[in-house]
Amino acid sequence: MQDQTHNPSDFLDFVAPVWFEELATGLAIRSMFVLSGNVRDLYPIKGDSRIEFVDFESAVWMVLEEQGYAALLIHDPVDGLRLHPECDPRLAEVLESCGIALGTVAETPAELTALARQVAREVRVPAALMLDYASIALRDDRRAVERMFVALDKIARGPTLTRGDLGPDCPARNPILWVLDRSGDLPEWFIARNPFLRDLKVGLPDLSDRIAYLNIQAEALADAGEIALAKRQEIIETFSVRCEGLTLRDVERVVALSRAEDFGLTGITEALRSYQIGTTRNPWTSQVMRIRIKNARQVLEKRVKGQPRGVEKTYDILVRAIMGLSGAQTSSRGNRPRGVLFFVGPTGTGKTELAKALTEVMFGDENAMHRFDMSEFMNEESVGRLVGPPPGAPGYEEGGELVNAARERPFSVFLFDEIEKSHPRILDTFLQILDDGRLSDSRGETAFFSESLIIFTSNIGMVGGDRAANAGQRILPSDGPDVIEEKLTAAVADHFRYELRRPELFNRIGQNVVPFEFINPRSSVIIFNAVLKKVCAAVREEHDVEIRLTQSAHAALLEMCTEDLNDGGRGIGNRLETFFINPLSRILFARPHQPVLTVTGLQRNRREVEMTVQ
């Protein structure tokens with residue numbers, strides 16, 4: 001137990017956790033309680049002149065003692081039955097004389113039923129029975145478990161106890177308290193609409209609890225006494241805000257890590273980052289990363305042709321991420337992802353390629369990217385793939401793909417391709433990631449995205465739906481860069497605000513929309529030559545054959561591959577496959593040992609291209 005004296009004004013503001021009052025009120029009228037959720041944490045209680053933090057069992061005992069109970073009996077599958085250590089130890093002999101033997105392990109549903117019946121009917125000792133780790137008892141024979149719940153329901157609905165000489169204020173019931181991770185572990189019929197049972201959710205600590213607890217814990221840090229009081233409170237409050245969603249046990253571990261790594265109180269937010277991610281290594285602040293980013297713009301421009309504005313905006317967001325200033329205008333910037341980009345524009349213009357190039361610049365390998373094709377997540381059932389199926393469903397033990405990926409490699413790029421095709425329910429997942437920087441799967445495992453770069457790609461805004469005007473195209477190749485940027489940004493905003501009715505998600509994306517332009521004739525030549533060079537290199541590597549093109553053959557192939565730029569760079573690559581790779585493959589197959597092939601002519605008919613070589 002740890003404590004700290006508070007100023008009188010602070011002490012008057014103290015509010016106990018809600019479930020304390022719910023339990024205290026229910027003890028007069030309920031026979032059973034289900035306590036689930038954050039049941040392995042520490043909880044604030046009010047002493048004479050100080051706030052103390054106690055464990056779960058002690059918190060429950062405090063409530064019971066205030067309501068006139070003499071004993072809290074706790075049973076778990078390992079230690080069996082025991083008496084809470086703050087109870088009068090002489091009660092052990094009294095309970096023994098009543099037939100309630102401490103140390104007994106109820107190993108079967110029938111034995112657990114017998115124990116619950118014995119405690120519930122004991123009139124000499126006002127006691128509560130806590131069944132800890134109760135979910136384990138439910139994994140026994142199904143029929144035996146069903147009989148146990150029927151018996152326990154009958155016990156709960158039985159008459160109140162007559163205490164005899166114990167006095168009129170003595171509790172009239174000896175309640176049974178189920179302690180579970182999830183109340184859903186119990187049968188629905190047993191919980192639902194049961195006037196004798198109260199289902200209590202034990203919540204996470206609120207901000208005031210976290211601040212009060214860290215004030216105590218901070219004393220263990222070497223530099224705490226050297227910091228001015230105002231600065232110290234500022235650090236503690238900032239840290240406590242960033243600990244939203246964590247338990248006080250988590251806070252305790254963060255402080256221990258800060259002490260072990262000599263972060264101190266001034267560096268406790270760095271200890272929090274390390275605790276959440278699982279490592280003290282931070283590639284974002286490494287000198288290697290900064291060296292890479294210095295030349296990033298040139299590398300990106302080399303790989304993604306014809307998108308100067310897109311590359312420039314992407315580079316700015318990347319530098320902002322490196323400097324740790326993403327979301328600097330918000331109170332929760334420490335939890336949010338390092339950077340968010342929303343690539344939008346015509347197909348085949350380099351959106352996915354820029355995401356790959358960005359990953360290679362940052363981590364030296366474009367495969368250090370987690371890519372999710374959102375066309376695979378179009379129905380509601382697919383949501384379970386990201387965050388894990390519900391308990392009992394196939395694959396539950398494996399968890400969610402997105403959570404697993406973030407836990408496996410938190411320092412990485414997450415690419416969500418064609419986000420507009422995903423089911424609307426998945427948007428809730430993204431809102432949690434962008435806002436809180438974390439996501440929990442169905443098993444309760446939490447992954448943190450505070451060190452990740454999140455990229456969405458989309459074709460939103462390209463089609464307006466009115467085929468009578470411009471064949472339904474809202475954005476035209478003839479539109480200038482400013483017009484395209486204005487139209488696409490407005491289309492993304494309208495999509496989230498009016499079609500999806502999720503303006504809050506667009507607000508999280510903010511000014512990180514990166515519009516892509518159509519491929520123009522000049523860019524198409526650069527893309528064509530780059531792709532052709534890759535093809536020739538692949539032939540040289542696979543077959544040790546040098547491919548050359550005469551000037552006329554090169555010009556003819558260029559014209560065929562760039563005659564329609566509506567499909568962007570991908571269209572150029574697809575036509576190169578049809579008009580060049582296919583006929584070249586036939587010739588290579590027929591002439592397997594020719595070291596040099598010079599393409600002298602390309603003649604296209606309706607179905608294929610005839611290639612002449614020498």
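Because the structure is a prediction, the values reported are computed rather than measured.
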* Who are the side chain to side chain contact (heavy atoms under 4.5 Å, CB included) partners of Asn367, not counting sequence neighbours? -> Asp365
* Asked: Quick one: side chain to side chain contact (heavy atoms under 4.5 Å, CB included) partners of Asp417, sequence neighbours excluded?
  -> Thr352, Arg371, Leu415, Thr457
By side chain to side chain donor-acceptor pair (under 3.5 Å), which residues pair with [X], not counting sequence neighbours?
| X | result |
| --- | --- |
| Lys351 | Asn459 |
| Thr446 | Ser440 |
| Glu504 | Arg502 |

Just jot down the salt bridge (Lys or Arg N to Asp or Glu O under 4.0 Å) partners of [X], sequence neighbours excluded, or say none.
| X | result |
| --- | --- |
| Arg548 | none |
| Arg443 | Asp441 |
| Arg508 | Asp435 |

* Look at the rings of Phe414 and Phe372 and say which category their plane angle falls in: under 30° parallel, 30 to 60° tilted, over 60° perpendicular. => parallel
Considering only residues two or more places apart or on different chains, which pairs with a residue in [range] satisfy salt bridge (charged side-chain N to carboxylate O under 4.0 Å, His left out)?
| range | value |
| --- | --- |
| residues 571-589 | none |
| residues 489-499 | none |
| residues 374-394 | Glu376-Arg385, Glu380-Arg425, Arg385-Glu401 |
| residues 255-280 | Glu270-Arg273 |

* Hey, do the aromatic rings of Phe343 and Phe456 have their centres closer than 6.0 Å? -> no
* N/O donor-acceptor pair under 3.5 Å between Trp284 side chain and Glu451 backbone -> yes
* Is there a donor-acceptor contact under 3.5 Å from the side chain of Lys313 to the main chain of Val513? -> yes
* **Geometric cation-pi criterion, Arg253 with Tyr275: 6.0 Å, 45°** => no
